[in-house]
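Have a look at this one before I ask anything.
All residue numbers refer to positions in the sequence shown, counting from 1. All ligand and atom numbering here is 1-based and tracks the order in the structure.
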Amino acid sequence: MGITAIRGFNDILPSEIGKWQFVEKTAREVFEGFGFSEIRIPILERTELFARGIGEATDIVEKEMYTFIDKGGSSLTLRPEATASMARAYLEHQLYTFDPVAKLYCIGPMFRYERPQKGRYRQFYQIDAEVFGVGNPVVDAEVILMLIHFLGKVGLEKLELQINSLGCRDCRPRYREGLKNYLTKKSFQLCEDCQRRLQTNPLRIFDCKVQTCQEAIADAPRVTDFICAECQSHFGKVKEYLSVAGLNYVLNPKMVRGLDYYTRTAFEVVSYDLGAQNAVTGGGRYDNLFQEIGELDVPGIGFAIGMERLISLLPKDKKLEQQLHLFIATPGKGMDEKAYRLANQFHLEGIRAEFDYEGKSLKSQMRRADKLKARYVLILGEEELKKGRAVLRNMWNQSQEEIPIDNLIDVLKRKILNN
Ligand code: HAM
């Protein structure tokens, strides 16, 4: 084989693209219905943005970023996530001068140098939604409600919403200390990475997949036992607002999320159909991120959905497979000019039509129509054409009818585009 794609970088082929387009279209409709606007941000940013935003002592920044020095000597990084870039754009363009509250979404590829496996790639797509400028816990519930509504709308079932509170700048250091003291006594059980994490960022040990580390942390103190009264009250209200909206959730005190910017509410939506990489969505509140990357004190909350994981869970739907509306079959020899002219007219009306370019036999044209999953075949037979008619064959139920050539477009539009 010649040159192949890079490991962990996938092509999304035409046979799959219908699902992607459906998911993106639904996200736009649902999010815009909730008052969100799209923002498009660059794929490359200054490395410092992610180092400061996501946190130096996270797996992403320590080992997963695609970082390089450009020809001008600047250190740049392919974005591993979108939140920090969206926050940068909000500050850089002073979106807060228009309105302090910004509701933004963004769809696009992210890059992380992780070990590829099912559901984990080096280039993957996220749908990301963020609210900047609201500290009120009601928005935490609103954002989660929008997410669950969207996941339902694309047809996902058997999902579980897990929530936790990670405390704030005031109370989390106490938890970190408590956790560190607890784990220091068990440090002999920790893998080499976690021995280091114990010093730099003990919360990250929750995410380690090594069995002995999982055992060491199984009965560790819970963050929710350490958080301050204000964080308790915030979390209490989030739970209350979720219940008001009729949303079920599971408390998961071990969910700490892999990025350091989180404060207070953290959440994930997991699917038990996904195997090891079971999080379809992760998100939470990050009330200090803006201070890390800029000078303003702006609260924020949002989530990102992993599109590959989401799409792998979609129920099968024939409508989402790209299908040809119509194959124009011509029994004569050579490329048929009538077919060419008709195809042009159909295309202008949005009817996806294909015809034979090579003068193949009618039988082989019918085989091709079948392979292309054409819904109808229009057969331009000599005899019928003389009578000003053509044969229209419905490939779904194999029925056949003659239709007048003069109002072909109207008949086909009605049949194809209206259902
Ligand atoms: P995250 O948990 O790192 O959060 O990623 C969010 C989602 O992206 C995951 O739940 C997963 O579905 C998908 N994902 C992550 N890494 C990969 C990968 N290597 N391959 C395939 N899918 C992947 C964030 O990125 C935060 N920025 C989310 C956020 C937004 N928090 C607040 N606002």
Side-chain angles (χ1 to χ4, degrees), residues 7-10 12 23 31 36 39 41 45 49-50 53-55 58-61 63-66 78-88 90 102-132 134 139-140 143-144 146-147 150-151 156 159-164 166 204 206-207 252 255-271 273-290 293 298-313:
R7 199 161 112 85
F9 286 65
N10 299 314
I12 301 158
V23 166
F31 294 2
F36 284 65
I39 181 170
I41 46 171
E45 295 271 5
L49 173 71
F50 302 118
I54 300 170
T58 56
D59 278 359
I60 297 181
V61 174
K63 35 187 184 187
E64 295 171 1
M65 296 207 300
Y66 280 90
L78 283 176
R79 62 182 188 197
E81 61 113 45
T83 313
S85 306
M86 285 160 83
R88 181 210 36 78
Y90 174 86
K103 297 183 175 177
L104 305 169
Y105 74 89
C106 145
I107 303 176
M110 309 294 153
F111 304 85
R112 294 183 195 173
Y113 193 81
E114 292 194 80
R115 195 134 49 85
Q117 65 178 80
K118 189 172 177 296
R120 192 164 72 193
Y121 310 103
R122 290 181 172 170
Q123 173 175 330
F124 58 97
Y125 286 75
Q126 282 187 344
I127 301 178
D128 189 302
E130 312 287 348
V131 179
F132 299 150
V134 188
V139 88
D140 304 31
V143 159
I144 295 174
M146 175 171 91
L147 167 67
F150 163 73
L151 294 174
L156 255 60
L159 297 173
E160 184 175 279
L161 167 65
Q162 301 185 351
I163 60 170
N164 193 18
L166 298 176
R204 295 276 77 83
F206 278 105
D207 294 332
N252 179 359
M255 184 236 300
V256 291
R257 309 279 301 122
L259 303 92
D260 273 354
Y261 50 56
Y262 290 111
T263 51
R264 296 190 167 166
T265 317
F267 56 92
E268 283 185 357
V269 176
V270 301
S271 158
D273 290 337
L274 274 179
Q277 304 303 322
N278 67 354
V280 187
T281 309
R285 181 167 274 290
Y286 41 86
D287 291 344
N288 306 132
L289 171 65
F290 283 86
I293 63 167
V298 181
I301 180 159
F303 60 79
I305 303 163
M307 283 187 77
E308 286 80 358
R309 294 187 197 174
L310 170 70
I311 282 164
S312 74
L313 290 170

Checklist entry - Do Arg122 and Tyr113 have side-chain heavy atoms sitting under 4.5 Å apart? => result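 Sidechains of Tyr113 and Arg122: in contact.
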Checklist entry - Can you list the atoms of ligand 1 that are under 4.0 Å from a heavy atom of Val280? => result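 In order of number, 10 (O), 12 (O).
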Next on the checklist: With a 4.0 Å cut-off on heavy atoms, is Gly119 in contact with ligand 1?
Outcome noted: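 Distance cut 4.0 Å: Gly119 passes for ligand 1.
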Next on the checklist: For the 3.5 Å polar cut-off, considering only N or O atoms, please tell me whether Leu259 and ligand 1 meet it.
Outcome noted: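 Such a contact does not occur with ligand 1.
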Item to check | Protein contact to atom 20 (N) of ligand 1 [nearest heavy atom, distance to 0.1 Å] | outcome: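 Ranking protein heavy atoms by distance from atom 20 (N) of ligand 1, first comes Tyr121 N, 2.9 Å.
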Item to check | Atom indices of ligand 1 within 4.0 angstrom of Tyr261 heavy atoms, with elements | outcome: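 Selected atoms, number and element: 26 (C), 27 (N), 29 (C), 31 (N).
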Checklist entry - So, Glu64 and Tyr66: side-chain donor and acceptor under 3.5 Å apart, yes or no? => result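 Not at all, the side chains of Glu64 and Tyr66 share no donor-acceptor pair under 3.5 Å.
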Checklist entry - Looking at Thr83, which atoms of ligand 1 are within less than 4.0 Å of one of its heavy atoms? => result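 Those atoms are 27 (N), 29 (C), 30 (C), 32 (C), 33 (N).
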Checklist entry - Relative to the heavy atoms of Gly283, which atoms of ligand 1 are at a distance of less than 4.0 Å? => result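 This gives 31 (N) as the contact atoms.
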Checklist entry - If hydrogens are left out, which of Arg285, Gln126, Arg120 has an atom nearest to atom 8 (O) of ligand 1, that is, the closest non-hydrogen atom? => result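 Nearest heavy atom to atom 8 (O) of ligand 1 lies in Gln126.
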Next on the checklist: Would Glu308 count as a contact residue for ligand 1, given that I'm defining contact as a non-hydrogen atom of the residue lying under 4.0 Å from a ligand atom?
Outcome noted: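 Distance cut 4.0 Å: Glu308 fails for ligand 1.
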Checklist entry - Can you find a pair of side-chain heavy atoms, one from Lys63 and one from Asp59, that are under 4.5 Å apart? => result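 Yes - at least one pair of side-chain heavy atoms lies under 4.5 Å apart.
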Next on the checklist: How far is atom 9 (C) of ligand 1 from the closest protein heavy atom, and which atom is that?
Outcome noted: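 Going atom by atom, the protein heavy atom closest to atom 9 (C) of ligand 1 ends up being Ala279 O, 4.0 Å.
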Checklist entry - Quick one: does Asn278's side chain have a donor or acceptor within less than 3.5 Å of a partner on Val270's backbone? => result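 Not confirmed, Asn278 side chain does not pair with Val270 backbone.
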Checklist entry - Would you call the rings of Phe36 and Phe31 parallel, tilted or perpendicular if under 30° counts as parallel and over 60° as perpendicular? => result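 Tilted, since the angle between the ring planes falls between 30° and 60°.
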Checklist entry - Distance from Gln126 atom CD to Thr281 atom OG1, nearest 0.5 Å? => result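 With rounding to 0.5 Å, CD (Gln126) is 9.5 Å from OG1 (Thr281).
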Item to check | Heavy-atom nearest option to atom 7 (C) of ligand 1, drawn from Ser271, Ala304, Gly302 | outcome: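 Checking each option, the heavy atom nearest atom 7 (C) of ligand 1 is found in Ala304.
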Checklist entry - From Arg120 CZ over to Glu308 CD, what is the distance, rounded to the nearest 0.5 angstrom? => result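 Interatomic distance, Arg120 CZ to Glu308 CD, rounded to 0.5 Å: 13.5 Å.
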Checklist entry - Does Asp287 offer a backbone N or O that forms a donor-acceptor pair with the side chain of Thr263 under 3.5 Å? => result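 Yes, the answer is positive, given that a donor and an acceptor are paired below the 3.5 Å cut-off.
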Checklist entry - Where on Ile301 is there a heavy atom closer than 4.0 Å to ligand 1, on the side chain, on the backbone, on both, or on neither? => result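 No part of Ile301 comes within reach of ligand 1.
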Checklist entry - Of the backbone atoms (N, CA, C, O) and the side-chain heavy atoms from C-beta on, which set of Thr281 has a member under 4.0 Å from an atom of ligand 1: side chain, backbone, both, or neither? => result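 Looking at Thr281 and ligand 1, just backbone atoms fall under 4.0 Å.
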Checklist entry - What atoms of ligand 1 come closer than 4.0 angstrom to any heavy atom of Phe303? => result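 So the atoms of ligand 1 that pass are 29 (C), 30 (C), 32 (C), 33 (N).
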Checklist entry - Tell me, which protein residue and heavy-atom name are nearest atom 13 (C) of ligand 1, and how many Å apart are they? => result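 The protein heavy atom lying closest is Gly306 CA, 3.6 Å.
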Item to check | 4.5 Å side-chain heavy-atom contact, Ile60 and Phe50 | outcome: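 Counting from C-beta outward, Ile60 and Phe50 never come under 4.5 Å.
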Checklist entry - With respect to atom 17 (C) of ligand 1, which of Tyr262, Phe267, Phe124 exhibits the smallest heavy-atom separation? => result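 Shortest heavy-atom distance from atom 17 (C) of ligand 1: Phe124.
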Next on the checklist: Under 4.0 Å from a heavy atom of Asp128: which atoms of ligand 1 are those, numbered in the order shown and with their elements?
Outcome noted: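 Reading through ligand 1 atom by atom, the close ones are 30 (C).
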Checklist entry - Where's the contact between Tyr286 and ligand 1, heavy-atom distance under 4.0 Å: side chain, backbone, both or neither? => result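 For Tyr286, only side-chain atoms sit under 4.0 Å from ligand 1.
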Checklist entry - Against heavy atoms of Glu81, which atoms of ligand 1 measure under 4.0 Å? => result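 Reading through ligand 1 atom by atom, the close ones are 25 (O), 26 (C), 27 (N).
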Item to check | CG-CZ distance between Asn252 and Phe206, expressed to the nearest 0.5 angstrom | outcome: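 Taking CG in Asn252 and CZ in Phe206, the distance rounds to 9.5 Å.
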Checklist entry - Against heavy atoms of Glu130, which atoms of ligand 1 measure under 4.0 Å? => result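 Within the 4.0 Å cut-off of Glu130, ligand 1 contributes 30 (C), 32 (C), 33 (N).
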Item to check | Test item, Tyr125 contacting ligand 1 (heavy atom, 4.0 angstrom) | outcome: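 The answer is no: ligand 1 sits nowhere under 4.0 Å from a heavy atom of Tyr125.
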Item to check | Residue pair Tyr286 / Thr83, side-chain donor-acceptor N/O under 3.5 Å | outcome: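 Judged by distance alone, the side chains do not pair up.
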Item to check | Nearest non-hydrogen partners of Pro80 and Met65, listed with the distance | outcome: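 Between these two residues, the closest heavy atoms are CG-SD, 4.0 Å.
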